[in-house]
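Index from 1, following the sequence. Computation of the quantities below employed the complete heavy-atom set of this structure, encompassing side-chain atoms and omitting hydrogens, waters and symmetry-equivalent molecules.
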Amino acid sequence: MITWAREAGFAAIQFNAVVDTNKSAIRLYESLGFTTLGVAPGAFRHPVHGDVGLRIMWLDLRPA
């Protein structure tokens, strides 16, 4: 997806709903260069942890 988005001319990729307790997904996205723009507190009702945040994650695709 990242390669396709760059080739298609997109300036960035944004994921609006990465559950804050999903540490594996967060590590994966960060390893690909994504950063967290912010967290919507309590925006996801987790079946075990109750209300948890949703991260907004961003990858800038513009040339350095």
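The stretch residues 34-53 participates, sequence neighbours left out, in these salt bridge (charged side-chain N to carboxylate O under 4.0 Å, His left out) pairs: R45-D51. Applying the side chain to side chain donor-acceptor pair (under 3.5 Å) test to pairs two or more places apart or on separate chains, those with a residue in residues 8-19 are Q14-N16. Counting only residues at least two apart or in different chains, side chain to side chain donor-acceptor pair (under 3.5 Å) contacts with residues 31-42 comprise T36-R55.
Cluster partners of W4 are M1, I2, F10, I13, F15, V18, I26, L28, Y29, L32, F34, M57, L59, L61, counting Ile, Leu, Val, Met, Phe, Trp and Tyr whose side-chain heavy atoms approach within less than 4.5 Å, directly or via other members. Cluster note: I56 groups with L37, W58 through ILVMFWY side-chain heavy atoms spaced under 4.5 Å, whether in direct contact or through intervening members.
For N22, there are no side chain to side chain donor-acceptor pair (under 3.5 Å) partners, not counting sequence neighbours. Every residue two or more places apart in sequence or in another chain was checked for a side chain to side chain donor-acceptor pair (under 3.5 Å) with E30, and none qualifies. Taking R27 as the reference, nothing meets the salt bridge (charged side-chain N to carboxylate O under 4.0 Å, His left out) condition, with sequence neighbours excluded. For A17, the side-chain contact (heavy atoms from CB on, under 4.5 Å) partners at least two apart in sequence or on another chain are L54. Applying the side-chain contact (heavy atoms from CB on, under 4.5 Å) criterion to H46, with sequence neighbours excluded, gives T21, F44, V48, H49, V52.
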